[in-house]
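Residue numbers begin at 1 in each chain, while the letters A, B, ... track the order of the sequences. Atoms considered below: every heavy atom in the structure, side chains included; atoms not considered: hydrogens, waters and symmetry mates.
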Amino acid sequence: MITPPAYTDSSGATAAPALGGLPGQRMVLGADRPMPLDGGGQLGPFTVAYQTYGTLNADKSNAVLVCHALTGDQYVADRHPITGKPGWWEMLVGPGKPVDTDRFFVICSNVIGGCMGSTGPHDVNPATGQPYAIDFPVITIGDMVRAQALLIDALGIDQLFCVIGGSMGGMQVLQWAVAYPERVFAAVPIATAARHSAQNIAFHEVGRQAIMADPEWRDGAYQQAGTNPARGLAVARMAAHITYLSEAALHRKFGRNLQSRQAITFGFDADFQVESYLRYQGASFVDRFDANSYLYITRAMDYFDLAAEHGGQLAQAFRVGGKGTPVRFCLASFSSDWLFPTSESRAVVHALNAVAANVSFVEIETDKGHDAFLLDEPEFHQVMRGFINGCADHRGLKRRA
Amino acid sequence: MDATVIPPRTDIRGDLRRIADMVSAQARVLDVGCGDGALLDLLTREKGVDGRGMELGMDGVRECVSRGLSVIQGDADTDLKDYPSDAFDYVILSQTLQATRDPRGVLLQMLRIGRRVIVSFPNFGYWRVRLALLLTGRMPVTDRLGFQWWETPNIHFCTIADFTALCAQLGGVTVERSAILDHAGRQLTSDATTWRANWSGEQGIFLLRRD
């Protein structure tokens, strides 16, 4: 049973979180030639912040790229520099874990448009000397992956052994497999979809409107104004957080339990634990995330539609030179995930079958909703371990001593 | 969580061994209803096949993928249509035909997807089954068919004679090989067309080729 910390309202205008000076590695890309963007513009030079774990082998065949989700970052297996919490996927990535850092060279980069060191809307626009804010170009999942490919080039890696990620990270995995099939040996898209559903776009729109309705947003120019649309961003996070859970999980965690009180107060305080929990989720989120980044990244997910460039035929996206994609796939979904339900994964599996691709697919039974991909799900981790080890054998990577 | 590697299998069912004998090395194989992946595992290790599996039950799928096999959750009755024609050298249906809603449709899909099809099934013409029904008047329950009538997933039983008749009726299909196995999984005969095969065989294995 989780008892949520009591929420205290910090009223008054606060400045946006200072996100400079974060630990980790940086790579400046697109300096010689700006990177073209799907939206028509270009970006460059720009910075990608990333973390690596393990050692790249001599023939550079053991690299694993981990793609993070909407509000994730590059600190996949490090203590988070702002929150102090363990890495967001330490269950899966680390020494002896399914993505074994004693065996693989793991790379995780902050997406462009993000706010943890990679170039995004909070950075200074060299053309104006002011933060980009909403003058930052709208980016897509394809742009994020293009930037990652430039990073992989700069690291001297031709082919990634594996690209793995959940939710928006899974979208990037699918994009990698479709855009660079020869550069991906194995792809693991988890709890994701080949296109963002109408319902998911709707939830994102609620979040964006909450941010933009906050008077502190100042048409995006809150950094210049010294304000922060923290309330709007917190509401966006609260709404989104509900979609990451399930009714069963909410009921199991909170039921109708009251927060630090014996009776309801006939007012609008957080009487219920679930309210307090959500307020805490919202309030703590604004310390580590930039509101404009939230607008840009949610938009990138909304625009994602892998089949769109292939006449609406998803299977066509997985055809390479008239044949089925050479990439080995393993998809996983979670039974109580209603944000990226199993049917979305199954649609990808059907498309891969239609080109006779090498694909595995499992649905994991859990009541933890979409968040399950980040949580302790032993069956999921065992499947990941089996798939990754099987692929490593096929790739000729040595087992651990 | 348990981080140990799942140990390799040691016990291989007799009928799976015989199916494996019918598959040529390095072939592309789809195992429909692959269960816990025992046959795919055997074919991958001993024949070096490029193997894929489809399994209805999620427990089996998780077991397979955890073993490094390429398996998806799917239903033979509805999901075979997704595969392109001639995608595989062999499509295998082991002990699953009798559990499908449309056995004939499944066979036709398999023959479309692969040039060769291997089917194994329990023989409802086996003498013990016949006698059980004749003498007790109750639906037979045997070691291999251990379900009561109201719980069995096996909804379309056939005999060896029924199956050979269906193959003839389909047209354009040749029975390349067959193996009739006894209670212990030993081969009794390779001629499925005799009265004796249908009486004494507990299960039949057929290698079909699309002409």
**OP:** List the atom of R62(B), the atom of E365(A), and the distance in Å for their closest heavy-atom pair.
**Re:** NH1-N, 4.3 Å
Subject >> Heavy-atom proximity to chain A below 4.5 Å, by part of V71(B) >> reply: backbone
Subject >> Residue among F387(A), F361(A), F329(A) with most heavy-atom pairs under 4.5 Å to chain B >> reply: F361(A)
Subject >> Minimum heavy-atom distance between N353(A) and I72(B), given as atom pair plus value >> reply: ND2-CD1, 3.2 Å
Original post:
Any side-chain heavy-atom pair from V61(B) and V383(A) closer than 4.5 angstrom?
Top reply: no
Original post:
Of the listed residues (E55(B), K81(B), Q73(B), R28(B)), which shares the most heavy-atom pairs with chain A below a 4.5 Å separation?
Top reply: Q73(B)
**OP:** Count the heavy-atom pairs under 4.5 Å between each of S360(A), G390(A), G324(A) and chain B, then report the option with the highest count.
**Re:** S360(A)
Subject >> Non-hydrogen atoms of R52(B) and A357(A) that approach each other most closely >> reply: NH1-O, 2.9 Å
Original post:
Side chain, backbone, both or neither: which part of E363(A) has an atom under 4.5 Å from a heavy atom of chain B?
Top reply: both
**OP:** Look at atom CD of E309(A) and say whether more than 12 heavy atoms of other residues, nucleotides or ligands are closer to it than 6.0 Å.
**Re:** no
**OP:** Ignoring hydrogens and angles, tell me if any N or O in the side chain of R346(A) forms a donor-acceptor pair with the backbone of G74(B) under 3.5 Å.
**Re:** no
Subject >> Spacing of CD belonging to E63(B) relative to CD belonging to Q382(A), to within rounding of 0.5 Å >> reply: 8.0 Å
**OP:** Count the heavy atoms of every other residue, nucleotide or ligand shown that sit under 6.0 Å from CD of E247(A), and state whether that count exceeds 12.
**Re:** no
Subject >> Heavy-atom proximity to chain B below 4.5 Å, by part of C330(A) >> reply: side chain
Subject >> Minimum heavy-atom distance between A87(B) and A356(A), given as atom pair plus value >> reply: CB-CB, 3.8 Å
Original post:
For atom CZ of R195(A), is the number of surrounding heavy atoms from other residues, nucleotides or ligands below 6.0 Å larger than 12?
Top reply: no
Original post:
Taking everything shown except K85(A) itself, do over 12 heavy atoms lie less than 6.0 Å from its NZ?
Top reply: no
